[in-house]
Undergrad: 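The structure's right below; bear with me while I get my questions together.
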Amino acid sequence: MYLDAILNPLNEAQRAAVSAPLVPVLVLAGAGSGKTRVLTHRIAWLIQAEHASPYSILAVTFTNKAAGEMRGRVEQILGVPPGVLWIGTFHGIAHRLLRLHWREAGLTQGFQILDSDDQQRLVKRIIRANDLDESRWEPRDVAWFINSSKDEGRRPQDLKGGNDPTRAQMIRLYGLYEEACARAGVVDFAELLLRAYELWRDHPELLAHYRQRFRHVLVDEFQDTNAIQYAWLRLIAGPDGHPFVVGDDDQSVYRWRGARVENMQQFRRDYARAKLYRLEQNYRSTAAILMAANGLIAHNSGRLGKTLWTNGEPGLPIQLYAAFNERDEAEFVARRVADYVASGNRRSDIAVLYRSNAQSRAFEEAFIAGRIPYRVYGGLRFFERAEIKDALAYLRLLLNRDDDGAYERVVNLPTRGIGDRTVETLRDEARGAGISLWKAAAARSDVQQGGRTANSLRGFHRLVDRLAKETAGLPLHEQIDVVLKESGLIEHHGREKPSQDAARGETARNEARLENLAELVSAARSFAAESTDLELPPLDAFLAHAALESGERQSDAGEDSVQMMTLHMAKGLEFMYVFLCGMEEGLFPHQRSISDLEALEEERRLCYVGMTRAMKHLYLTHAEQRRLHGMDTHPAPSRFIKEVSRDIVAEVRPRASGARAVAAARLRREQPAAPAIRFRTEEPPPPGMRLGARVRHGKFGEGVVLNVEGSGPHARVQVNFEQQGTKWLMMQYANLEPV
DNA sequence: CGTGGGCGGATTTTT
DNA sequence: TCCGCCCACG
């Protein structure tokens, strides 16, 4: 591929970023501005123009999906054989490093990965084992403390309790948790990152090797990095490196789980030579949608500053619907969806977005009533299902008998007469001797030859040993097949309950579980076929895969259906038509964020993310009455509605309230009000004052045109200044010059 | 050992 | 209101 071919498909800003010199680079990439394209083309550029070896490239993302897309596109552009480039998630890459250097990292060779559920169970066991009150020490809170400590790079010994007994206890539990993990040979997600960081930090020779190798480090969604991820990046890039990071501070919506937008500002401080590029041209949405989004996000402070613009259609104004209640809101959306579908649109081009999952219910009911196929995202994913985790627990035991979490999960599944009492004594014995449950039980059933429980335990151990022996050397999917059958798991779920006719629902659930187990076998088959990872035995690799890529959500795709999801899940996606629902104070912004400025600004960013998902039409809806936790509330419309310039909003019908609204909601076939949109319909905007143009003002400095009203000397422009924020100015007096 | 009723809590979620 | 979890009972 020639250099022209790399640069030609790009706009000027993208081209500048892609062909930037080998210095640290921060790309501020707005929503829909072609950020993935810039990353992939940058990689191509490094290889073609800078003659970088494909082996010298390390590209990091947050999700497997993003990593997969990036890898696909790079390999397509360059024709590089798969697997040469290190493209992966932070966790995936950390995992790979730890497998390669498990000894230096202080891990066991066959270490396994705990998902958050496994982690919480383990924390709970530790709390119980220490006779602590679970309501005082909630496993969720303790796990959160442990994870956020790790995210900050802190080990128990780095933490001080001070005068705070609660904190001191948390630190103690963190320490006990670490010991339990070490004993069982397991690591949680945060541990992967922290260990990978410590591995390099504490082994200069290793670090030197990898620095030499990965000369080119690229990072996607940089605004989502947490402290340890950023520290890790700085280690690998080194003081003289040139990391290429892409992010959007306006789309930072994961502060609550440790992401630090400040890393973007910090990056510029840490790398004084860093160059900043802005991608502001948007290829996704209409001008109306972008103006609404720009106007909203301008209310946030401390932004790096960026305004989206487009050469495309002005588009329809944002439609605002004030519903009577959540049912009316859902019925309105359902009617609009039906209209869109009737005029030939695909249902999958339509998205219903909301702040919290509970809101989906009303929409589901309306869609069912209207016979509109829909798909709700969220909920359990494949590898998180109970029956799948049971099966995985057996597989984990095959590799590592000391995995107490797995042991407890299946020691009595299917039931084999090993009750809570037995397990409890086992736990005590194991803890007393500082050994695993497996070892404790093995010691015991040897001693007490005769007892019934001892027999059961021995039976279980023999089963596991036998499965290990029988499956050794078999292809992966056959290994799993054998384990499923001989462990009794299949029979357990397949067992009919003949006596009860009423148990039909149960039969259906059982069937679904059996299907899932069958799916596990076929997932293993295709995993083995596709996996190029030769560094790990297949079963180890498959278990890591199951933990790190928990799989698709809800697989019953196929039929064209309306997409329903939370705003967080919608990040990174795009839809022709977007309904942003539940725009109410207390719901969005959420009650818990209203009194904290930082949290409130994050809610605003979330709203910005939601709005910028829409390509053609955007609806904002709110309800005047809503049932929340069983109580009727009368929430005020979200402040975010008011923060969108009124000029680009059209109310779907005149706001009604009270009794009138009841009738109106029932009777009115709502018609959109005459569009209130006033920008560039008849008259062209003043020269140089194109939407999104950069301008300079004598006093306020540089800014970007958000909005233009009228023409000639009476025209007014709304400008978002980098320093001063958003202002309306009269063309006549403002003396704006195009930049 | 499995189930039903009482109780408390109820953003957002990837890895 | 509704869901998930814990405990007591059969």
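Numbers restart at 1 for each chain; the letters A, B, ... are given by sequence-line order, proteins then strands. These numbers come from a predicted model, not from an experiment.
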Undergrad: For the pair made of CZ in A:R140 and C1' in B:dG9, what is the distance, rounded to whole Å?
TA: 9 Å
Undergrad: Go through it in stages, so that I can follow the logic: the residues are A:S526 and A:E530, the test is side chain to side chain donor-acceptor pair (under 3.5 Å), and I'd like the CA-CA distance, side-chain angles, deciding distance and then a yes or no.
TA: CA-CA 6 Å; A:S526 45; A:E530 284 161 29; 4.9 Å; no
Undergrad: Are the ring of A:F90 and the base ring of B:dT15 both nearer than 5.5 Å at their centres and tilted by less than 30°?
TA: no
Undergrad: Pair A:Y377, A:R375 - check side chain to side chain donor-acceptor pair (under 3.5 Å), show working.
TA: CA-CA 6 Å; A:Y377 289 76; A:R375 182 172 171 198; 3.1 Å; yes
Undergrad: Would you mind telling me which of B:dT11, B:dT15, B:dT13 lies closest to the side-chain atoms of A:T63?
TA: B:dT15
Undergrad: Report the relative orientation of the aromatic rings in A:F542 and A:H545; use parallel for angles under 30°, tilted for 30 to 60°, perpendicular for over 60°.
TA: parallel
Undergrad: For A:G419 and A:E602, take the nucleotide of DNA chain B holding the closest heavy atom to each; which residue's nucleotide lies nearer the 5' end?
TA: A:G419
Undergrad: Answer yes when A:E365 and A:R327 have at least one side-chain N-carboxylate O distance shorter than 4.0 Å, and no when they do not.
TA: no
Undergrad: Side-chain N or O of A:T89 less than 4.0 angstrom from OP1 or OP2 on B:dT14?
TA: no
Undergrad: Should A:N64 be listed as having a side-chain N or O under 4.0 Å from OP1 or OP2 of B:dT15?
TA: yes
Undergrad: In this structure, how many angstroms lie between the C1' atom of B:dT15 and the CG atom of A:L543, rounded?
TA: 16 Å
Undergrad: If you go through the side-chain atoms of A:R627, does one of them form a donor-acceptor pair with the base of C:dT1 closer than 3.5 Å?
TA: no
Undergrad: Identify which nucleotide among B:dT15, B:dC1, B:dT13 has an atom closest to any side-chain atom of A:Y254, counting heavy atoms from C-beta outward.
TA: B:dT13
Undergrad: Need the glycosidic conformation of B:dT12: syn if within 90° of 0, anti if not. Which one?
TA: anti
Undergrad: Quick one: A:L606 CG to B:dT11 P, roughly how many Å, whole number?
TA: 15 Å
Undergrad: Within the 4.0 Å heavy-atom criterion, would you say A:E191 contacts the bases, only the backbone, or no part of the nucleic acid?
TA: nothing
Undergrad: Within 45° of the ring axis of A:Y254 and under 6.0 Å from its six-membered ring centre, is that where the NZ or CZ of A:R257 lies?
TA: yes
Undergrad: Nearest whole angstrom, please: distance from the P of B:dT15 to the CD of A:Q112.
TA: 19 Å
Undergrad: Answer yes or no: side-chain N or O of A:S116 and base N or O of B:dT15 forming a donor-acceptor pair under 3.5 Å.
TA: yes
Undergrad: Does the pair A:R255/A:D596 count as a salt bridge with the N-to-O cut at 4.0 Å?
TA: yes
Undergrad: Nearest to the side chain of A:N412 - B:dC1, B:dT12, B:dT14?
TA: B:dC1
Undergrad: Say you pick atom P in B:dT13 and the same atom in C:dG4; how far apart are they, in whole Å?
TA: 15 Å
Undergrad: When A:R128 is tested against each of A:E408, A:E134, A:E424 for salt bridge (charged side-chain N to carboxylate O under 4.0 Å, His left out), which residue passes?
TA: A:E134
Undergrad: Categorize A:I418 for me: base, sugar-phosphate, or nothing, with a 4.0 angstrom heavy-atom threshold over every strand shown.
TA: sugar-phosphate
Undergrad: So if I take every side-chain heavy atom of A:H629 and compare against B:dA10, B:dT12, B:dT15, which nucleotide ends up nearest?
TA: B:dA10
Undergrad: Can you tell me how far C1' in C:dC5 sits from the matching atom in B:dT12, rounded to whole Å?
TA: 22 Å
Undergrad: Can you measure A:E221 atom CD to B:dT14 atom P for me and round it to whole angstrom units?
TA: 13 Å
Undergrad: Report the residue (A:N357 or A:L548) whose heavy-atom-nearest nucleotide on DNA chain B is the more 5′ of the two.
TA: A:N357
Undergrad: Within the sub-3.5 Å range, which N or O atoms of nucleotides 2-6 of chain C have a protein N or O partner, and how far apart are they?
TA:
| residue | atom | partner | partner atom | Å |
| --- | --- | --- | --- | --- |
| C:dC3 | OP1 | A:R361 | NH1 | 2.9 |
| C:dC6 | OP1 | A:K124 | NZ | 3.0 |

Undergrad: From the options B:dA10, B:dT12, B:dT14, select the nucleotide whose nearest atom is closest to the side chain of A:H568.
TA: B:dT12
Undergrad: Can we say A:D632 and A:R627 salt-bridge, meaning some charged N sits less than 4.0 Å from an Asp/Glu carboxylate O?
TA: yes
